[in-house]
Amino acid sequence: MKNLTFILAAQLMLFCCASMMAQEANYDETKVPSFTLPDPLLCIDGTRVKNVKDWEKKRRPELLQLFSDQEYGRTPKDKIKTSYQLVLENQQALGGLATSQQVMLTFKGQGQERKALLLAYIPNHHKGRVPVFIGYNFMGNHSITSDTTVLYSPFFEKITDKKSPALQRNIQFFRWPLEDIVRRGYAVVTMCYQDIFPDRADGTAGSIIPLFPENQDGDARWQALGAWAWGSSRMADWVQRQPWADASQMAIIGHSRQGKAAIWAGAQDERFQVVISNNSGCGGAALSKRAFGETVGRITRSFPHWFCPAFSEYAEDEQALPFDQHELLALIAPRCLYVASAEEDRWADPHGEFLAAQATSPVYALYGLKGIESTTMPAVHQPIQNQVAYHIRAGKHDVTSYDWHRYMDFCDRIFNHQNPTLRPSLSTVPLAAHVLVIGIDGWGSYSLDKANNIPNIRSLMSQGSYTLKKRSVLPSSSAVNWASMFNGSCPELHGYTEWGSQVPEIPSIELNEHNIFPTIFSLLRKAHPDIVTGCLAEWGGIKHVVDSLAIDNYSLAINWKKDPEELCRMAEEFIKQRKPTLLAVCWDQLDHTGHAIGHDTPAYYQTLSELDVQVGRLIEALKQAGIYDDTVIIITADHGGKDKGHGGKTLLEMEHPFIICGKGIRQGMVIKDPMMQYDTAATLAHILALPTPLSWIGHPVLSVFK
Ligand code: GTR
């Protein structure tokens with residue numbers, strides 16, 4: 001046995017070589033060769049797949065054979081003897097969140113044996129069987145946690161120099177957000193890929209391959225990727241025997257070379273209900289024929305032990321390939337597939353990964369399932385999640401907590417899994433089909449005593465319930481309060497703390513799929529991808545705090561100073577044309593008058609009564625759209641004001657009205673409950689029957705509902 005530290009150093013050199021070669025690789029989209037993607041539905045004999053039966057009986061087996069013979073090698077059909085021995089159990093792992101189990105897998109065959117150490121984290125606080133993520137780690141079980149009870153994987157046990165950097169704990173913890181995963185009610189099962197096939201050119205002898213009688217020679221012999229895929233199935237075998245696991249809900253996840261192995265495992269082993277390729281690149285999710293970034297030539301020269309020898313025949317000759325990677329991905333159908341890229345990971349060709357995922361769609365369509373409709377790549381942090389999912393995130397080649405949370409969001413839906421980090425809604429069905437929120441910037445409660453020309457607002461107060469004591473969060477300024485209004489939380493948690501905050505000054509305690517603190521709009525979008533939402537405003541600052549990516553129509557009335565009815569017209573039109581589920585209409589003009597002339601001045605009341613006329617027009621629009629009877633209307637504010645300003649701690653600045661009326665709302669009631677800005681979003685979530693994140697601290701005003 002060679003010195004393993006040396007081997008690891010040699011591997012590092014391989015990585016470096018790969019990145020040196022990366023400099024010569026083509027990164028120019030205009031230099032991508034023109035190519036024709038093989039049609040996944042066209043059989044070798046020229047006949048076309050017309051239905052699921054043709055696919056499953058003919059084309060799918062044919063493709064599996066092609067990938068076995070020409071890319072990954074043939075996986076042996078024989079079973080070898082495998083035993084499982086529980087080595088260590090810790091019921092208080094991850095600070096009590098999980099039970100960890102370390103299980104030695106021993107494989108025997110041809111008079112030899114190999115060992116691999118499996119590490120599992122099982123959530124402690126979850127009722128019933130749990131879904132499971134299965135995936136390899138790169139640097140040993142000890143590299144994903146600082147827990148010193150985690151033993152070295154057998155590959156690392158052989159290192160004699162105890163100071164070797166390879167024995168350092170926790171160095172890849174950032175790829176495994178274990179606490180988050182078990183908190184969300186998922187188990188994780190991992191082991192080190194080196195235990196199955198030591199990742200080096202002469203790794204075969206130490207791998208599991210010699211334990212099998214067949215497939216040792218020839219152009220289609222299996223090598224590292226084939227062995228790693230085989231090993232993932234052995235993790236699945238173990239999971240299937242566990243009383244805590246829901247074996248019908250197993251997701252396989254792999255990053256980079258492990259992403260390639262994960263797809264190959266998922267293609268062959270139909271027990272994996274979800275297959276996740278994280279930045280798998282060449283020989284994984286990326287189309288080979290684009291020859292962008294890493295190519296077949298480069299990968300087969302740098303890593304001659306990964307693919308079967310036949311694959312190197314396509315080096316510098318990708319156009320001769322009788323298949324491409326989209327057809328490998330299509331073998332996952334009708335199960336779920338998730339392909340993810342990173343913006344700076346050009347070596348892995350994000351565009352080629354997207355195109356391959358997209359090109360599986362005709363196969364999913366055979367099953368009546370939606371793959372990916374658009375051939376245009378989505379923007380960064382805008383996941384598409386149908387039966388086939390794709391996202392591209394900012395940053396480098398890696399697996400981050402952003403990626404993991406998107407995979408869990410996806411699996412939550414696929415597995416119908418209740419995310420325990422969400423508070424279930426008290427309402428099981430929406431209490432109304434539509435909600436209109438009217439926000440009036442700078443509208444203090446004091447004004448209700450003196451305003452003598454706001455008939456529409458007064459009539460909504462008498463038809464519904466209201467309080468004049470709802471409070472702003474501090475400072476009593478705009479962005480920080482619009483944020484709390486729509487994201488159900490306080491500045492200390494969502495992080496927007498100022499009048500004009502565009503990004504959180506304090507890191508948000510939680511980030512959603514668009515990398516911002518979850519808002520009512522994003523919760524609604526995630527729960528019901530097809531509904532219509534809008535946020536129409538006069539002040540551009542609102543855009544940064546509502547998650548505009550989750551909103552169908554975020555628009556600004558840019559001419560409102562010359563044309564004070566512009567926003568009202570936009571809202572009327574949108575209501576009539578699109579009948580939105582949730583629409584927020586946010587006026588700035590009252591605050592503008594407050595700053596220019598003064599709050600609580602005749603000009604201020606004049607502007608307020610002009611807005612009252614527009615409130616009347618919006619109600620009329622709801623009636624004309626035929627949705628008035630199924631709508632809840634809320635009128636509220638971000639803050640009040642005093643003299644020519646606001647932002648301070650007086651009740652003139654902090655207290656503002658909250659009026660709610662419409663479907664299912666009590667009439668003529670003064671709300672007694674104390675109410676804060678962030679209770680607005682919680683009330684909206686209650687009406688729309690949405691579970692809310694634990695990072696939301698608002699409470700719905702339950703007393704207003706009949
Ligand atoms: C690189 C290789 C890629 C990818 C990556 C990894 O050196 O060129 O195909 O697999 O390693 O596994 O991190």
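Scope of the values below: all heavy atoms of this structure, side chains included, with no hydrogens, waters or symmetry mates. Indexing begins at 1, ligand by ligand and atom by atom, following the structure's order. As the structure is a computational prediction, the values presented were derived from the model and not from experiment.
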TODO: On the 0 to 90° scale, with breaks at 30° and 60°, tag the His391-Tyr402 ring pair as parallel, tilted or perpendicular.
DONE: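 Perpendicular.
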
Task: Residue selection (non-hydrogen contact nearest atom 5 (C) of ligand 1) among Ser280, Ser256, Gly254 - done: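 The residue whose heavy atom sits nearest atom 5 (C) of ligand 1 is Ser256.
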
Task: Heavy-atom pair with the smallest gap, counting every atom of Ala356 and Ala285 - done: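 Looking at all heavy atoms of both residues, the closest pair is CB-O, 2.9 Å.
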
Open item on the list: So which atom in Arg413 and which in Gln385 form the shortest heavy-atom distance, rounded to 0.1 Å?
Closed with: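 Nearest heavy atoms, Arg413 then Gln385: NH2-O, 2.6 Å.
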
Of the backbone atoms (N, CA, C, O) and the side-chain heavy atoms from C-beta on, which set of [X] has a member under 4.0 Å from an atom of ligand 1: side chain, backbone, both, or neither?
{"X": "Arg298", "result": "neither"}
{"X": "Arg257", "result": "both"}
{"X": "Lys260", "result": "side chain"}

Task: For Ile299, atoms of ligand 1 separated by under 4.0 Å from a heavy atom - done: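 Listed by number with element, the hits are 9 (O).
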
Task: ligand 1 atoms in contact with Phe303 (distance to a heavy atom under 4.0 Å) - done: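 This gives 2 (C), 7 (O), 8 (O) as the contact atoms.
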
Open item on the list: Geometry only, no angles: is Trp306 polar-contacting ligand 1 at N/O separations under 3.5 Å?
Closed with: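 No.
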
Open item on the list: For Gln258, state whether at least one heavy atom is located under 4.0 Å from any atom of ligand 1.
Closed with: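 Not so, Gln258 does not reach ligand 1.
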
Open item on the list: If you count heavy atoms of other groups shown closer than 6.0 angstrom to CD of Glu373, is the number above 12?
Closed with: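 Incorrect, the count does not exceed 12.
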
Open item on the list: Check this for me: Lys115, atom NZ, are more than 12 non-hydrogen atoms of other residues, nucleotides or ligands nearer than 6.0 Å?
Closed with: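 Check passes, neighbour count above 12.
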
Task: Charged tip of Arg175 within 45° of Phe138 ring normal and under 6.0 Å - done: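 Pair Arg175/Phe138 counts as cation-pi.
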
